[in-house]
Amino acid sequence: MRLMRRTRVTRVTLAVLVPVLMLLGLAGPAAAAGAASAPGESVPGGSAWPEPVPVVTKVDTEDPVVFITIDDGWGADQAAGARKLLMDRQIPASLFLLPGAYEAYPEYYRSLLASGPSRVENHTVNHPDLTKLSYQDQRAELCDARDRQLAAFGDSPRLFRPSGGATYPWPFYNEDTRKVARACGAEALVMWSQDLSWGQQPTGELESGDIILLHMGPTLEADLTRALDAADAAGLKPANLRQYVAD
Ligand SMILES: [Zn+2]
C-alpha cells in the first residue's frame with residue numbers, strides 16, 4: 001500500500017511540476033524563495049501549501065446570472081415557504097450553513113438537497129470572529145465543519161464564507177483564513193455584492209455576477225421572493241455558484 005501511495009504522489013508531483021518548470025524556463029532561486037513561506041502546512045518536496053483561495057465578492061461574468069446564497073441555517077422551522085420556492089423553481093442556492101443548524105433541522109435540509117440543485121457550503125462550526133483565532137484554531141473551525149458536512153450529506157463544501165462574530169463592522173477574515181480555506185477543501189472565499197437579508201432592498205438594479213446574501217429564518221421567503229423579482233426585472237437568472245468559481 002505504501003509503495004502504491006508513493007507512486008501516486010510521484011506521479012502527481014511530476015504532473016504539477018513539469019508545466020510549472022516549463023513556464024519558468026527553469027526553477028531558479030526566485031521560485032525557491034517564493035515556495036518557502038506558508039506556515040503550518042507542506043507537501044512532500046517542500047512546496048509551499050496551501051495557496052490562499054481567491055476572495056469573490058461578485059463574479060466576473062457577462063452571463064445573465066446572479067447567485068443566491070443563504071447563511072447560517074437557524075430558523076428553518078419558520079421557512080417552509082422558502083424551501084417550497086427553492087424546490088419549485090429549482091433554484092441552485094449556496095447554503096452557508098452551521099453544523100448545529102442543519103443537525104437541528106435534518107429533514108428540512110436533506111429534503112431540500114435531495115429535491116433540487118442547492119448545495120451546502122462551509123461557514124465554520126461556531127461562527128467566530130476568525131481574525132481573533134490562530135491559524136490552527138481557524139483550521140479546526142473550517143475542517144471540522146467540512147467533516148461534519150461530509151458525514152451529514154455525503155458532500156464536501158467547495159466554497160467558504162467567513163462568519164462575522166458578534167460585532168459590526170467585521171474584518172471577517174485574514175490571510176490565514178484564505179490559506180485555511182484551501183487546506184479544508186474550499187476553492188474560493190465568497191462574500192457578497194447585494195445584501196437582501198431581513199427585508200433589505202437592493203442597492204440599484206441587479207447586475208450580472210451579483211452575489212446575493214440572504215439568511216435562513218422567518219423573513220427568508222419574502223427576501224428570496226424580492227431577490228428573484230429583482231433578478232427577473234434585470235433579465236438575470238439564478239445560477240450555480242460552484243460552477244462559476246469552484247470548477
Ligand atoms: Zn453567518
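Start at 1 and go down the list; that is how both ligands and their atoms are numbered.
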Quick one: sort the W192 and F172 rings into parallel, tilted or perpendicular, breaks at 30° and 60°. perpendicular

Salt bridge check: are E175 and R178 linked by an N-O gap of less than 4.0 Å? yes

*Would D155 and R242 pass as an ion pair if we require N to O under 4.0 Å?*
yes

Taken by chain and residue number, the protein N/O/S atoms under 2.8 Å from the Zn ion (ligand 1) read D72 OD1, H123 NE2, H127 NE2

| message | Could you check whether N174 and T131, counting side-chain N and O atoms only, form a donor-acceptor pair closer than 3.5 Å? | response | no

Discussion item. Taking CG in D60 as the centre, count heavy atoms belonging to other residues, nucleotides or ligands within less than 6.0 Å. Is the count above 12?
Written reply: no

Taken in chain and number order and not counting sequence neighbours, the residues that satisfy salt bridge (charged side-chain N to carboxylate O under 4.0 Å, His left out) with E221 are none

